[in-house]
Every structure is written in structure tokens, then in C-alpha cells.
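Throughout, a chain's letter reflects where its sequence line sits, starting with A, and its residues are numbered from 1. Being a predicted model, the structure only gives us computed values, none of them experimental.
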Number of protein chains: 2
Amino acid sequence: MTTIHDVARRAGVASITVSRVINNSGYASEDIRQRVLAAVKEMGYVPNRLAGSLRSKRSKVLALVMTDITNPFFTVAARGVEDVASRAGYTVIFCNTDEDKQKEQNYIQVLMQNQVDGVVLVPSGSDSESVETLQQNGVQVVVVDRHVSSQKVDQVRCDSLNGAYELTKLLISLGHTHIALLNGPQNVSTAADRFTGFNRALADAGLDTASQSVIFGAFTRASGAEMARQVLEMTPRPSALFAGNNFIALGVLRALEDARLRVPEDMAVVTFDDLPESLVISPFLTVAAQPVYEMAARATELLIERLAATQVYDFQDIVFPTTLIVRKSSGVKIETLK
Amino acid sequence: MTTIHDVARRAGVASITVSRVINNSGYASEDIRQRVLAAVKEMGYVPNRLAGSLRSKRSKVLALVMTDITNPFFTVAARGVEDVASRAGYTVIFCNTDEDKQKEQNYIQVLMQNQVDGVVLVPSGSDSESVETLQQNGVQVVVVDRHVSSQKVDQVRCDSLNGAYELTKLLISLGHTHIALLNGPQNVSTAADRFTGFNRALADAGLDTASQSVIFGAFTRASGAEMARQVLEMTPRPSALFAGNNFIALGVLRALEDARLRVPEDMAVVTFDDLPESLVISPFLTVAAQPVYEMAARATELLIERLAATQVYDFQDIVFPTTLIVRKSSGVKIETLK
DNA sequence: CTGTTAGCGCTTTCAA
DNA sequence: TTGAAAGCGCTAACAG
């Protein structure tokens, strides 16, 4: 293993000079610069960043802690984080918590032990425990997608409330009066906000909120299918389903197919989150699309700005709008069909 | 920042004793153990792994370098690596190369600088440059999914040749005599092997290899759609398409839909790689499925075994079988239709 | 079973 | 513009 000292000896300089050249920090005459770079190349020198970070107290490593790496929503987010981070000279570690608070806390510990400079966190719940743990240990955090109760952290998310409002309003305008919301877990902010937006749209349209069906489950395909099955057994049966996210929607579609129900003829369907074009054969679902990539990128920018800042400043709460994309699954006006 | 010395002072022991307790290495009386753990808890001590790794020369960190994190094939692989690694006390870093050799080399450098113990590599090409760079710097590697020319590295992959042979044989048995292979890049081993299997099945059936259409593109949806469009303009037009992977298949389906061609009535379609159940509404594609999770898990086991080994031993080349899953997209016998 | 000493490879600090 | 000395926080090696 060649060290910085070996390179220094070969180039006939002090090791600190080698350090300055390879990190572009401090001055170095052109002559010395060339001699050092030549030595580095000849010896195949690979700097040991662990040693550097130990001394400098900065690792130039960020982490993205997300709840489900198999969901395209988060792989797109991963791209957003990665692109911004690498442009600023940071490396990114990706962690997957499976919506499990315990796993999240484990990762937080491991990340702190490995001295990451900052964390982009998609929290598994709405409490701010992980955020506080990180902050107490001097690690910067930005919360993305879901928001937590703390006021003392940067947060970047989408307007779930309004997105849900728009989707629900669309269904109502199409003539639906009995809509079921098949949602994620109640303790996750996005699910809670979508519930609120759903109710508000119904109330604004003068529809009875109490007579609608709302089920809280998980943001998975299995849960979506299960919730859809429950709803299909209700009498009277709703004429439209609102899925809490993309995976729930896929489960819903599966359950409807099993029940030999056509979408939108027999049942209208709308959902949050679009699926990436690369994964869809034929775009079909009416969705409230979130600008995931932009959200993740912006969050990472906030994080990096704070890492570069020399003084403290107010925490930011950035809310992106959703985009309503109307496709076939929501159907046309019910009256038109008659 | 509390250090191991602070904890040692608080517990009234030497720092090496604290080290032994928190790492479960060496002996410690129950009394001392309790005192140390209490001190750790009271002070909220977080060990600095950078310092430990610098001294011990082992970071307990592995990396998975993959070519496309947005492809479910690789997110499933990520799960396989992660599950095995964390069980053995390793942390995993995920890196995405976008099939770009330059990005791959950059990551290899960064990983070496950060002293990862081992790398699970999905190479972007079939040369063994990255493998050699890592090995020369004392980092263990295992190559997964695609194989490289080197004999001096563990490799785990699927039998692409036989999988392609089976898929092609199926199409032939259904009566197709003009089949187009829409493949990935020629310099990637999986694409090359699928090409070989395709040709062998044709030859074994006495069909003219030269009169079939073979196009090499990229493992993306866009490329799949583009290749399909090319094929559709041929005269005579093939009656069946063989997609080189899942993303190519999705592009093919899109192009066929745009051309108002029905699958399988107007065009039979088969492909490599199944899509995870969570992402598919209704399984429809006839595929040669690969046991991705198992492949990734096995590769990680090999890597960890080698890291634990006290002596060198022969490199292994593990080949998993593919499973032919026949669904609607391949259609029924052509004669039956008449 | 517990402790002392030294040093991993780098960068900070201070000096020339 | 370059260098010498010191030390980041931990664990290997050896001692008792």
C-alpha cells in the first residue's frame, strides 16, 4: 500500500505538499505540481480518505435513507440526490429501511459511526427522533417527501393535500358520489395529508364525508389489493377508487382484474405518483404526479448549502406542487355513459 | 464529540477495554462490561469507525456497483446483497454506473479511497480492467450477472445461453420461422450469450440463421422501442420478437401498440428477465426468468467467505439456471390459428 | 482478564 | 511557496 509519504519521497517533497497538490488546496509551483502528479501516477497512489476524514472531520459523504428501494419513486429520488451530490464532490450512500423504524435507527447509527457529513431522510414515521439523533451528533439533515413534526430542520415535500383535493374533485366532477380512499399508514404525513385533501374536496362539493370509505393500509401492492378486495364487498359499492400511491394502485388494478371488473367502465381509479415511463407499457392511470427528481435534487442542494455555510440560518420548508394528469382510468362523466 | 477515552475515564477503565466491550472482542468481566455499557449510554457515545478502520485495516463496508438502479432487476439484486451483508455485519454502499465505463472507473477509485473491504461488481463491459484495479489495491471482488474475461476472479451469473436457447426453441415449436432478436450491447456478455443461444436453437431446428434479424442496441426501453420500429419495417416482417431484457421488452410492447399490432395475435413476444410482481398489473410476458436475488446473495456470500479466509483458494464460476415461464405473449401454435 | 504504548495515513497548525 | 511537528480516534501488539 503506497502512502502519501512514499509519494512525497519519490517526488522529493514533503507529504503535506503532496496533499496540497492532489486536493488542489494551497499553493504549489508548476514544477512541484508536475513532479508530484508524476509520482502519484507511477506509483498508482490511492489516497486513504479514512485517514484524511479522521483528521479533517469532513468525510464528503452524504446518505440517502429511504423507505423502499424497490419503488421507482425512490430510485428516481436516488438519481436526483446522486446527481447534485456528485457535482459538488460528494459521494452518496443509499440505505433502505423497509418502512421499519428499527432499521431506520440502525442505519442512522451506522451512518454517524461512519462520519457522514449529511443525511437526506425519508422518515418512516412522522416523529422527529432520527432527525434529533443526527443533529445532536453534529450531522446535518434534510427531510424529504414526508414531513416530521420538528420545526428545526429543512424539509422538502409535495403538496399532498392539494393533489388529493384535485384528484377527488375530478372524480366528483365526473359524477361520482361514493368514492373509496385506499391509503398508506395513518402515521405517515403524506397519507394523512391525502386524507385531509380527500375530505376537503368532498365537503366543498357538499358530499357527505361520513358515507365515504377510507381505509389505511401500507404503501405496497399487497396492501392495495387487500384494501380493494374489502371495498368490493361493500354495499353499496363505491364507483371510484383513490389509491394512496403507485404501489397501492397496482394492487388495486390487480384485485379489480381478479374480480373481472373493467377500469374505468365498472370502476374509476385515480392515484398518487406516476410510474416512470420506462416501466409502463401504456400510460393509463389518472395520477397526481410529483416532481420526485426535482424534490430530491432541491433537498440535496439545501443540505450541501448548509454544510458549506459558515453560520446558522432559518430552516426552510419547501413545498412542490403536484400535477394532475388525466388518463383513461378515471373514465368520463357518468351521465355520458347512460 | 465524546471519544472512547471519555467513556473509559467515566467507566474507570482503559480505552482498549471499552473497545473490547463494544466490539465484543476479547474478554471482559461482567462487572466491567456493565460499567462500560452504562457509560456509553449515559454519554451517548458513537464510535468513530473511520478511526477504527484506519487502524485495523478493515472497514466492514462492501459496495455494489451496478449499471442501472432504475431497473427492478438490480434493485432486487441490491436486496440480495444487502440482506446477506448485513447479516454478516457489513454495511453496503450502492453505486450506479449508467452502463458508463468512465463512471464505473470513477466509482472504483472512490471506493478504494474509502477503503471498502469488497466489491460486488456488475461490469459495464466484458473487459476486466476494473476487476484488476481493485485486486491490485487489495480489494476483493466478485463479478455478478455479466462475466468478464479474467479467470482470476469469482463470478456468479445466469445461463443466458441456455435461457435464450429455450425461449427460441419455444418460438420455433410454435411455428415461427422468422424471429428477430432485439438485443443489448454486443460487448456485454449476457447479450453475447443470448445471441449464441438464439443462433444455436435456430441451427438445431434446421432453420437458416442468416435469414433471421438480429439487432444490438442498449438494455433500455427507448432502445427496445427503436429496434422494434426497425424490425416492423422489414419485408418480410418477422412473426416473433425476442427481447434481450425486461426494459427492451417494455419498449417493444410500446412500439407494437403504437403500430396497432396485437400481442400475440399479430406478433409473438418473449423476453429475458421477469418483472417483479409488485410492478406488474397482469403477468403477460413469456420470459426466461433469472433468480436475481439468489444470484446476488450467493455472490455476496462468496465475497464475504473470501474476506474471512486466511488463505487463497481457487476462483469459482457459478452459473444459475433460468426458468422458462410461458404466458400469453408468446401465443399458441400458428397452425392452430388458421 | 486488563492495561501501556505505539502508530494507522492523513491534514491542521505553525513556522520559515 | 514549502515544510516540521503534532494529533485526529481508534486498535494491534505486547505485557502483566
Taking A/Asn114 for the side chain and A/Val116 for the main chain, is one N or O donor matched with an acceptor at less than 3.5 Å?
-> no
Look at the side chain of B/Gln115 and the backbone N and O of B/Leu54, then say whether any donor-acceptor pair between them is shorter than 3.5 Å.
-> no
Got a sec, which pairs hit side chain to side chain donor-acceptor pair (under 3.5 Å) with one end in residues 130-142 of chain B, sequence neighbours left out?
-> B/Glu104-B/Ser130, B/Ser128-B/Glu132
Reckon A/Arg58 has a side-chain N or O less than 4.0 Å from the OP1 or OP2 of D/dC8?
-> no
side-chain N/O A/Lys57 vs D/dG9 OP1/OP2, d < 4.0 Å = yes
Which of residues 303-311 of chain A sit near DNA chain C, with a heavy atom under 4.0 Å from it?
-> none
Sub-4.0 Å heavy-atom contacts from residues 40-52 of chain A onto DNA chain C, ordered by number | A/Tyr45, A/Pro47, A/Asn48, A/Ala51, A/Gly52
Scan nucleotides 14-16 of chain D against the protein and return all N/O pairs shorter than 3.5 Å with their distances rounded to 0.1 Å.
none

Looking only at non-hydrogen atoms, find the nearest pair between A/Asn187 and A/Ser126 and report the distance.
-> O-OG, 3.2 Å
Donor-acceptor pairs under 3.5 angstrom involving side-chain atoms of residues 22-29 of chain B: please list them, not counting sequence neighbours.
unit_1	atom_1	unit_2	atom_2	d
B/Asn23	ND2	B/Ser19	O	2.9
B/Asn23	ND2	B/Ser19	OG	3.4
B/Asn24	OD1	B/Arg33	NH2	2.7
B/Ser29	OG	B/Ile32	N	3.3

Evaluate the criterion side chain to side chain contact (heavy atoms under 4.5 Å, CB included) for residue pair B/Gln105 and B/Thr97; output intermediate values, then yes/no.
-> CA-CA 9 Å; B/Gln105 290 178 339; B/Thr97 62; over 6 Å; no
Result block: side-chain N/O donor-acceptor pairs under 3.5 angstrom for residues 292-300 of chain B, not counting sequence neighbours:
unit_1	atom_1	unit_2	atom_2	d
B/Tyr293	OH	B/Asp83	OD2	2.4
B/Arg298	NH1	B/Glu301	OE1	3.0
B/Thr300	OG1	B/Ala296	O	2.7

Contact span of DNA chain C against chain B, any nucleotide atom under 4.0 Å from a heavy atom, 5' to 3', runs C/dC1 to C/dG9
Stepwise side chain to side chain contact (heavy atoms under 4.5 Å, CB included) test for B/Phe219 and B/Asp68 = CA-CA 9 Å; B/Phe219 283 131; B/Asp68 185 1; over 6 Å; no
Inter-residue atom distance A/Thr190.OG1 - A/Gln290.CD, 0.5 Å rounding = 7.5 Å
Check whether the side chains of A/Gln34 and A/Glu30 place a donor and an acceptor atom closer than 3.5 Å, and report yes or no.
-> yes
Salt bridge (Lys or Arg N to Asp or Glu O under 4.0 Å): which pairs involve [range], sequence neighbours left out?
range                       : answer
residues 115-126 of chain B : none
residues 39-61 of chain B   : B/Arg10-B/Glu42
residues 146-156 of chain B : B/Glu99-B/Arg146, B/Asp154-B/Arg306

Please lay out, stage by stage, how B/Val120 and B/Leu62 fare under the test side chain to side chain contact (heavy atoms under 4.5 Å, CB included).
-> CA-CA 8 Å; B/Val120 179; B/Leu62 303 182; 5.6 Å; no
Residue whose closest nucleotide on DNA chain C lies nearer the 5' end, B/Thr17 versus A/Ser19 | B/Thr17
Please write out each protein N/O paired with an N/O of nucleotides 5-7 of chain D under 3.5 Å, distance rounded to 0.1 Å.
none

Go through B/Val21 and B/Val13 one step at a time and tell me if the side chain to side chain contact (heavy atoms under 4.5 Å, CB included) criterion holds.
-> CA-CA 11 Å; B/Val21 170; B/Val13 296; over 6 Å; no
How would you label the contact of A/Arg33 with the nucleic acid (heavy atoms, under 4.0 Å): base, sugar-phosphate, or nothing?
-> nothing
Please state how far atom [atom1] in [X] lies from atom [atom2] in [N], giving the value in whole angstrom units.
X        : N      : atom1 : atom2 : result
A/Glu30  : D/dT1  : CD    : P     : 12 Å
A/Met112 : D/dG9  : CE    : P     : 16 Å
A/Arg35  : D/dT1  : CZ    : P     : 15 Å
B/Leu54  : D/dT11 : CG    : P     : 11 Å

Residues in salt bridge (charged side-chain N to carboxylate O under 4.0 Å, His left out) with B/Glu129, at least two apart?
-> B/Lys101
